[in-house]
There are 2 protein chains.
Amino acid sequence: MNFSVSEENYIKSIYHLQQQTATVTTNSLANELRTKPASVTDMLKKLQTKQLVEYEKYRGFKLNATGNKIALGIVRRHRLWEFFLVNKLGFEWDKVHAIAEELEHVSSMELIKKLDAFLNFPQTDPHGDPIPDTNGKITVIKQLSLADIAVKKNVVVSSVSNQSPEMLEMLKHYHIGIGTSLKVNKHFTFDGSVEIKVVQQNPCVISEQVAKNIFVHHD
Amino acid sequence: MNFSVSEENYIKSIYHLQQQTATVTTNSLANELRTKPASVTDMLKKLQTKQLVEYEKYRGFKLNATGNKIALGIVRRHRLWEFFLVNKLGFEWDKVHAIAEELEHVSSMELIKKLDAFLNFPQTDPHGDPIPDTNGKITVIKQLSLADIAVKKNVVVSSVSNQSPEMLEMLKHYHIGIGTSLKVNKHFTFDGSVEIKVVQQNPCVISEQVAKNIFVHHD
DNA sequence: CATTTTTTTTAGATTTACCTAAATTTAAAT
DNA sequence: ATTTAAATTTAGGTAAATCTAAAAAAAATG
Ligand SMILES: [Mn+2]
Ligand SMILES: [Mn+2]
Ligand SMILES: [Mn+2]
Ligand SMILES: [Mn+2]
């Protein structure tokens, strides 16, 4: 079946919200899509008749198996385009989301297949998020935020959950990017700030807010 | 101002039809867009209030200076994407039009600027059609169809006006592509077919229908 | 547990981009 | 110059995606 841009945006947003809560509410989806609850209810009825969601009035909803597969297809396209924009066109990673938000809806299967090959089958997007494969399989790496990492362990930055220009500016200042190796020297209990040692840099202190948005895995 | 996908498709189609007839008719545009004349009239009223066309009831219409500039922007995006699809992703040129038809509507200025640079500022698309520059300036090369070329003149294929898979199959068979050097040996008056000599190939005869769709310039 | 408060749904409108069928205008043909 | 035919526009309607305001249901509160 074929889906409208609007339907695809709803499906993808439900998918993302489900990563946090198993079942999604009307208000949270309206908020995510910057639309009104009434519009969400309308669209949900449509997605229900198209058999993409499990939905019970007043009870919230979630994607079913079909819906999930479609969502992963959209996420795949989005992340492949983000990779292209950063690694081929030279965008900074805080600028690509809005553009990929449009490109993800271009519907040619062949296009994505060839784009994937051209990019050399990347596994993660510029923000460190995994790219689902053709079958919708996604490899979720176990990762912890810097705020929750024990001291003296060597870790590698695997993703950032805040992708704003402000966050990018901050990370650049600390010489941190996806793949950067570092370790935690100390957690300050006063304000939750964290002293870290980035390889080939002097130790520095980052705020709890920053630490919580940097995800790492052990190497 | 910002335009919908539909508005952009109308604007671009008017632009293309204007290349042949200075003023465009409702029926021809409906036919080009595979829509109905009544829909064209509706959209034309809108484009008129948006000050993009000169339109007199029952008298046909044409883009004004603003409309023309916008059309050239869309054509630019379309052709840059076609170039990308063929030269970076490895598509054959008979498969790219439909995909570029979607990609052309992605609206980021920065995207097109960076894409252009990534592609090394190409001057023509895979079908030999010129790519307008950022200011909407387009270099129209004087070109004649093979059906109208005098014998024994050395010419270079500069574009093809039929971009179907069937045409591509035929051109591949004759070893003809954009940039191929050839000359006309003879015009047959019986059916308008043309004997040509492609460099490093044996002479061959092509039908008038094929000849009319191959455009060349003197080298 | 009865009553607020919050969340969600329904009802009814609006905008965009279409459509068909009928009316109107222009062009072509007798 | 009529008449006929073709092109174009108008009238009226539909489907998708949105919205606001009101009604209904669920959750929170004292
Ligand atoms: Mn999107
Ligand atoms: Mn991303
Ligand atoms: Mn298009
Ligand atoms: Mn082209």
Side-chain angles (χ1 to χ4, degrees), chain A residues 1-14 17-18 20-63 67 70-71 74 101-102 104-107, chain B residues 1-14 17-18 20-63 67 70-71 74 101-102 104-107:
Chain A
M1 211 190 280
N2 232 23
F3 302 100
S4 71
V5 169
S6 208
E7 287 168 336
E8 288 191 345
N9 284 334
Y10 273 86
I11 293 165
K12 194 178 60 151
S13 289
I14 298 171
L17 290 172
Q18 277 189 196
Q20 314 218 265
T21 54
T23 163
V24 179
T25 67
T26 303
N27 265 356
S28 64
L29 185 51
N31 183 61
E32 174 90 0
L33 287 165
R34 297 153 152 277
T35 182
K36 294 294 175 311
S39 308
V40 170
T41 302
D42 283 350
M43 180 59 90
L44 247 95
K45 284 182 193 157
K46 187 153 49 129
L47 295 180
Q48 190 180 30
T49 59
K50 289 199 175 187
Q51 313 235 47
L52 301 173
V53 292
E54 284 169 37
Y55 169 48
E56 263 187 298
K57 261 193 188 177
Y58 295 102
R59 281 279 113 98
F61 42 85
K62 57 174 129 178
L63 296 173
I70 288 157
I74 305 165
E101 202 57 48
E102 295 187 53
E104 70 189 1
H105 304 292
V106 176
S107 57
Chain B
M1 210 190 281
N2 232 22
F3 303 100
S4 71
V5 169
S6 208
E7 287 169 337
E8 288 191 346
N9 284 334
Y10 273 86
I11 292 165
K12 194 178 59 151
S13 288
I14 298 171
L17 290 172
Q18 277 190 196
Q20 314 218 266
T21 53
T23 164
V24 179
T25 66
T26 303
N27 265 355
S28 64
L29 184 51
N31 183 60
E32 175 90 0
L33 288 165
R34 294 153 153 281
T35 182
K36 294 295 177 311
S39 307
V40 169
T41 302
D42 283 350
M43 180 60 90
L44 247 97
K45 284 182 193 157
K46 186 151 53 128
L47 296 180
Q48 190 180 30
T49 57
K50 290 199 174 186
Q51 312 235 49
L52 302 172
V53 292
E54 283 169 38
Y55 169 48
E56 265 188 295
K57 260 193 190 177
Y58 295 103
R59 281 277 115 99
F61 42 86
K62 57 174 129 180
L63 296 173
I70 288 158
I74 306 165
E101 202 58 48
E102 296 187 53
E104 70 189 1
H105 304 292
V106 176
S107 56

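Treat the numbers as computed from the prediction; the structure is a model and nothing was measured. In what follows, chains are A, B, ... by sequence order, proteins preceding strands, each numbered from 1.
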What's the separation between atom [atom1] in [X] and atom [atom2] in [Y], rounded to the nearest 0.5 Å?
X       : Y       : atom1 : atom2 : result
B/Ile14 : B/Leu44 : CD1   : CG    : 5.0 Å
B/Glu7  : B/Leu47 : CD    : CG    : 6.0 Å
A/Tyr10 : A/Phe3  : OH    : CZ    : 15.5 Å
B/Arg59 : B/Lys57 : CZ    : NZ    : 12.5 Å

If you count heavy atoms of other groups shown closer than 6.0 angstrom to NZ of B/Lys62, is the number above 12?
no
Closest non-hydrogen atom pair, A/Gln48 against A/Tyr55
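Answer, listing the atom of A/Gln48 first, then A/Tyr55: NE2-O, 2.9 Å.
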Over how many whole Å does the gap from [X] atom [atom1] to [N] atom [atom2] extend?
X       : N      : atom1 : atom2 : value
B/Leu44 : C/dC18 : CG    : P     : 13 Å
A/Asn2  : D/dA16 : CG    : P     : 14 Å
A/Lys45 : C/dT8  : NZ    : P     : 14 Å
B/Lys50 : C/dT15 : NZ    : P     : 14 Å
A/Met43 : C/dT9  : CE    : P     : 15 Å
B/Leu33 : C/dC18 : CG    : C1'   : 12 Å
B/Arg34 : C/dC18 : CZ    : P     : 14 Å
A/Asn31 : C/dT7  : CG    : C1'   : 14 Å

Nucleotide N/O to protein N/O under 3.5 Å, stretch nucleotides 11-15 of chain D:
none

Counting N and O atoms only, with roles assigned by atom type, does the side chain of B/Gln18 sit under 3.5 Å from a partner on the main chain of B/Leu63, one being a donor and the other an acceptor?
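Yes: the side chain of B/Gln18 pairs with the backbone of B/Leu63.
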Do any side-chain nitrogens or oxygens of B/Ser6 fall under 4.0 Å of OP1 or OP2 in C/dT16?
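Answer no for this pair, as no side-chain N or O of B/Ser6 is under 4.0 Å from OP1 or OP2.
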For A/Ser39, answer base if it contacts any base atom (sugar-phosphate contacts may also be present), sugar-phosphate if it contacts only those atoms, and nothing otherwise; contact means non-hydrogen atoms under 4.0 Å.
base
Charged N to carboxylate O below 4.0 Å: is that the case for B/Lys12 and B/Glu101?
yes
Distances for protein N/O vs nucleotides 5-8 of chain D N/O pairs under 3.5 angstrom?
| from | atom 1 | to | atom 2 | distance (Å) |
| --- | --- | --- | --- | --- |
| D/dT8 | OP2 | B/Asn27 | N | 2.8 |

Quiz: residues 22-37 of chain A side-chain donor-acceptor pairs under 3.5 angstrom, not counting sequence neighbours:
| from | atom 1 | to | atom 2 | distance (Å) |
| --- | --- | --- | --- | --- |
| A/Thr25 | OG1 | A/Ser28 | N | 3.2 |
| A/Thr25 | OG1 | A/Ser28 | OG | 2.9 |
| A/Ser28 | OG | A/Thr25 | N | 3.4 |
| A/Ser28 | OG | A/Thr25 | O | 2.9 |

